[in-house]
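Since the structure comes first, as structure tokens, the remarks are kept for the end.
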Protein chains: 2
Amino acid sequence: MEREPSPQRWPIDEEDVSGEVRTVPPGRALLSSAMVGSANRGRVLQTLFDLGPTSRAELARLAGVNRTTISGIVQPLLDQQVLVEGDPIRPSEAGGKPARPLWFSPDARPICGMMLMPDAVHTCLVTLAGTISAEHSVAFPTENPKIVEIERAIELCTSRTLASARREPLGIGVAVGGMVDTDRRAIIAVNLAPVLNGFQLGDMLTKRYGLPALLDHHPRALLVGDRWFGKGRGMQNFAAVYTGEVLGGALYLGGHLYRGRSGAGGELGHTFVQVDGEICSCGRRGCWETIATVGWLRRQARAIGIDAPDEINSRRLVALAGAGVPGARDLLDLYARNVAVGIANLQQTVAPNFYVLHGDVVGGGEIMAEAIAGHVRALVPSRSGGEISFAIGETEDRAALLGAAGLVLSELLQFPL
Amino acid sequence: MEREPSPQRWPIDEEDVSGEVRTVPPGRALLSSAMVGSANRGRVLQTLFDLGPTSRAELARLAGVNRTTISGIVQPLLDQQVLVEGDPIRPSEAGGKPARPLWFSPDARPICGMMLMPDAVHTCLVTLAGTISAEHSVAFPTENPKIVEIERAIELCTSRTLASARREPLGIGVAVGGMVDTDRRAIIAVNLAPVLNGFQLGDMLTKRYGLPALLDHHPRALLVGDRWFGKGRGMQNFAAVYTGEVLGGALYLGGHLYRGRSGAGGELGHTFVQVDGEICSCGRRGCWETIATVGWLRRQARAIGIDAPDEINSRRLVALAGAGVPGARDLLDLYARNVAVGIANLQQTVAPNFYVLHGDVVGGGEIMAEAIAGHVRALVPSRSGGEISFAIGETEDRAALLGAAGLVLSELLQFPL
DNA sequence: ACTTGTTAGTATGAGGCTCGCACAAACATT
DNA sequence: AATGTTTGTGCGAGCCTCATACTAACAAGT
């Protein structure tokens with residue numbers, strides 16, 4: 001009945017997360033028994049995330065493996081207080097020993113989530129169960145901040161949050177409102193804060209706090225948040241689409257976050273939907289972004305004479321349409337169609353079949369989502385692989401912070417195969 | 001010095017190929033040591049495919065594993081005559097024992113490749129080294145053929161080809177000029193031969209010949225052929241784009257053929273590039289297919305008064321432009337731009353960074369490819385993840401047959417993780 | 001109260017796989 | 001002939017999963 005405490009630690013592969021150089025090209029590397037252990041531990045934890053508290057026996061059934069295998073995987077995690085056994089649940093009428101559901105311990109090491117925007121930084125702690133605590137934010141100096149000032153603000157904010165952690169966090173995940181070099185864990189460019197361009201935030205955080213740090217750009221973080229803590233939970237394929245002042249997206253394909261070469265995938269805003277259409281901020285014509293952002297919405301609202309056109313957004317538009325304001329209903333429909341066009345293209349290209357909507361359209365609620373869904377279904381030839389469904393994401397800040405934390409989780413769970 | 005002949009057989013997982021029902025959902029299944037063996041064997045063979053004849057020591061270095069590991073993987077394959085040792089190659093100046101390069105044995109089991117078009121069936125044998133032999137084709141009855149007649153034609157053609165095989169083939173791969181249900185290994189619809197709709201070709205072949213049979217649609221087969229035997233060799237990410245009377249494509253992402261839900265991915269022809277543009281055969285407006293197929297080319301050629309506009313294609317267009325025929329140069333440029341628009345969208349969405357062109361544009365040669373490449377590079381914002389490169393695929397029939405065979409290879413090598 | 005049937009979780013030994021180490025074989029160089 | 005280098009092969013260790021057997025804990029029927 002006595003067990004030797006296993007020497008395995010979770011995560012075993014912290015070095016990988018902190019950005020070690022990979023010498024063997026991916027796809028050529030072979031597997032070893034040790035990797036099997038890591039990978040299987042990741043999959044078990046992922047299943048636990050997807051399903052909520054679950055007994056060992058149930059996990060074994062779902063994974064199609066022996067119960068002893070699950071016990072072997074799970075026991076070290078219990079020893080390290082990553083997981084805890086819940087109260088026994090009553091067996092079915094058939095009888096049997098009551099199952100002890102496993103779930104993430106509140107005492108497990110948390111994750112630090114960070115959202116870096118052009119004007120401020122937000123940080124928080126996220127438990128493995130997805131609860132947020134220790135939220136802090138620090139604004140940057142308004143006029144032409146210097147990089148050292150921003151660095152100080154980030155450090156201040158992070159230190160406050162980390163001070164609240166009872167155990168050392170598993171890592172720091174950062175959602176950046178701009179272009180990111182995921183491999184080098186550095187910022188490439190933030191449009192509204194060019195001083196951040198080239199900032200090696202990942203290295204700075206790792207050096208300062210001794211924690212693995214991962215960066216990715218905002219839409220990708222939203223997707224990851226959806227995958228672990230939101231509407232994308234348990235999904236194998238889906239896409240996140242963000243609309244607002246700009247338009248972005250991210251893809252989860254075949255059970256993995258898809259980044260593309262140098263993380264260049266998901267630049268949906270600048271796909272063409274109108275050859276020789278309106279000129280876009282990128283200098284090209286007819287980008288999706290020219291017809292499916294609030295900028296377009298403002299211009300149209302002004303053109304048809306809606307009150308305060310500069311303050312229009314999905315929330316107000318739905319309200320106006322509901323109130324019977326002339327033209328509002330048609331504008332809502334056209335806006336929904338414009339958003340739907342790009343989603344239809346995405347569906348035809350990679351067929352994720354499930355979309356989580358973020359950003360401005362969230363304010364439009366179910367009405368907006370249904371309008372978009374209807375247009376997408378009309379725009380995609382019917383057979384293309386089953387039902388297409390839609391969901392509305394979390395509120396903006398929450399989604400980004402959960403997503404930032406999810407970046408760390410993804411690395412820990414999705415052992416690269 | 002004596003070895004026990006290993007009991008392992010390649011392929012071990014034939015049952016999987018022949019379409020067994022998967023009970024554990026993908027992504028939840030755990031790995032076992034036996035799977036590690038299969039997966040590693042697949043990766044070693046894949047590396048061999050990518051690099052050509054290679055010694056064990058070199059394979060070990062590339063994979064980052066111990067030499068003994070490679071020996072253990074490779075020895076059973078030598079015993080089974082899947083591989084053979086080549087002549088020793090001279091060591092470098094540093095000296096050392098001469099390496100014995102490994103390569104696929106000409107006596108290895110071949111693969112049967114089949115191309116099923118609306119009017120005929122073609123079959124052949126393909127060795128693991130990519131050489132084609134025993135080609136046969138049988139035309140279907142011209143006017144309203146019955147399904148039994150088609151079935152007989154397929155059987156006749158296949159039997160002739162299989163009769164030439166010295167060893168039992170590893171399987172039959174089929175490239176279908178129409179929609180395919182990859183999971184059920186059945187044909188969904190072939191536009192010009194509706195009698196084929198719903199035909200369970202995979203089951204028929206497996207039952208008749210006792211071989212694993214795999215179906216996929218034509219563009220996907222082209223991509224797979226490129227991956228194993230053509231320009232996509234060794235690539236981890238690339239796309240195949242087929243233009244002609246219709247427009248299709250396929251994606252190889254992260255070292256895997258990407259199919260999407262129910263194989264609905266890659267339906268590029270009906271992505272929107274011109275909202276409210278010309279009406280498409282699918283009933284919608286502004287599909288990419290409306291501006292980047294030979295149908296569009298014919299209409300334009302007629303409009304600007306080019307001779308025999310109904311026989312225009314890329315090959316002739318390039319020739320006309322070279323001969324200085326008025327308008328030809330501009331038309332070529334516009335056609336290239338139209339093709340490039342869709343490729344640019346694909347690049348922005350999944351960023352494969354490498355494209356193999358198939359179909360009509362192959363006739364236009366390097367001139368056509370360069371014209372398309374130039375437009376794509378101009379249409380994609382510069383930073384998006386490095387160079388974008390292009391290649392011209394094999395001639396049409398050869399590409400499809402190699403691709404069909406490649407479908408079987410993909411299943412055998414890409415052990416599902 | 002006792003037996004039977006069922007399910008949960010654990011201990012143990014077997015089998016697969018990769019790894020590190022040691023060793024023989026086959027070359028180049030000095 | 002001696003030395004250094006590289007290739008490929010045994011061998012035992014370590015990690016992992018699996019099948020089997022066992023204990024623990026419950027329900028239901030007698």
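Protein chains get the first letters and strands the later ones, always in sequence-line order, with residue 1 at the start of each.
What separates CD of A:Glu58 from C1' of C:dG9 is a distance of 15 Å, to the nearest Å. A straight line from CG of A:Leu59 to C1' of C:dT7 spans 15 Å, rounded to a whole angstrom. Per the geometry, CE belonging to B:Met35 stands 17 Å off C1' belonging to C:dG15, to the nearest Å. Distance, A:Leu102 CG to C:dA8 C1': 11 Å, rounded to whole Å. D:dC15 atom C1' lies 12 Å from atom CD1 of A:Ile73, rounded to whole Å. The interatomic distance linking A:Ile89 (CD1) with D:dA27 (P) rounds to 13 Å, in whole Å. Regarding B:Arg100, its CZ atom lies at a distance of 10 Å from the P atom of D:dT9, rounded to whole Å.
With hydrogens and angles ignored, the 3.5 Å screen pairs no side-chain donor or acceptor of A:Arg261 with any backbone N or O of B:Asn353.
Between A:Asp183 and A:Asp181 the shortest heavy-atom distance is N-OD1, 3.1 Å.
Sequence order on DNA chain D of the closest nucleotides to A:Gly37 and A:Glu93 puts A:Gly37 first from the 5' end. Of the residues near DNA chain D, A:Ala34 and B:Ser71, the one whose nearest nucleotide (by heavy atom distance) lies more toward the 5' end is B:Ser71.
B:Asn66 has no side-chain polar atom (N or O) that falls below the 4.0 Å cut-off from OP1 or OP2 of C:dT18. A:Thr68 has no side-chain polar atom (N or O) that falls below the 4.0 Å cut-off from OP1 or OP2 of D:dC18. For A:Asn40 and D:dC16, the shortest distance from a side-chain N or O to OP1 or OP2 is not below 4.0 Å. For B:Ser33, no side-chain nitrogen or oxygen approaches OP1 or OP2 of D:dT17 to under 4.0 Å. Between A:Arg90 and the phosphate of D:dA27, there is a side-chain N or O to OP1/OP2 separation shorter than 4.0 Å.
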Please list, pair by pair, any protein nitrogen or oxygen found under 3.5 Å from a nitrogen or oxygen in nucleotides 1-3 of chain D.
none

Write down the protein N/O and nucleotide N/O pairs, taken from nucleotides 4-6 of chain D, whose separation is under 3.5 Å; answer none if there are no such pairs.
residue: D:dT5; atom: O4'; partner: B:Ala94; partner atom: O; Å: 3.4
residue: D:dT5; atom: O2; partner: B:Gly96; partner atom: N; Å: 3.0
residue: D:dT6; atom: O2; partner: B:Lys97; partner atom: N; Å: 2.7

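When the nucleotides D:dA27, D:dT7, C:dG9 are ranked by their closest atom to the side chain of B:Ala99, D:dT7 comes out on top.
B:Phe49 meets the ring pair (Phe, Tyr, Trp, His ring centres under 6.0 Å) test with B:Phe104, B:Trp228; sequence neighbours excluded.
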side-chain contact (heavy atoms from CB on, under 4.5 Å) assessment of A:Thr182 paired with A:Leu214 = CA-CA 7 Å; A:Thr182 319; A:Leu214 292 165; over 6 Å; no

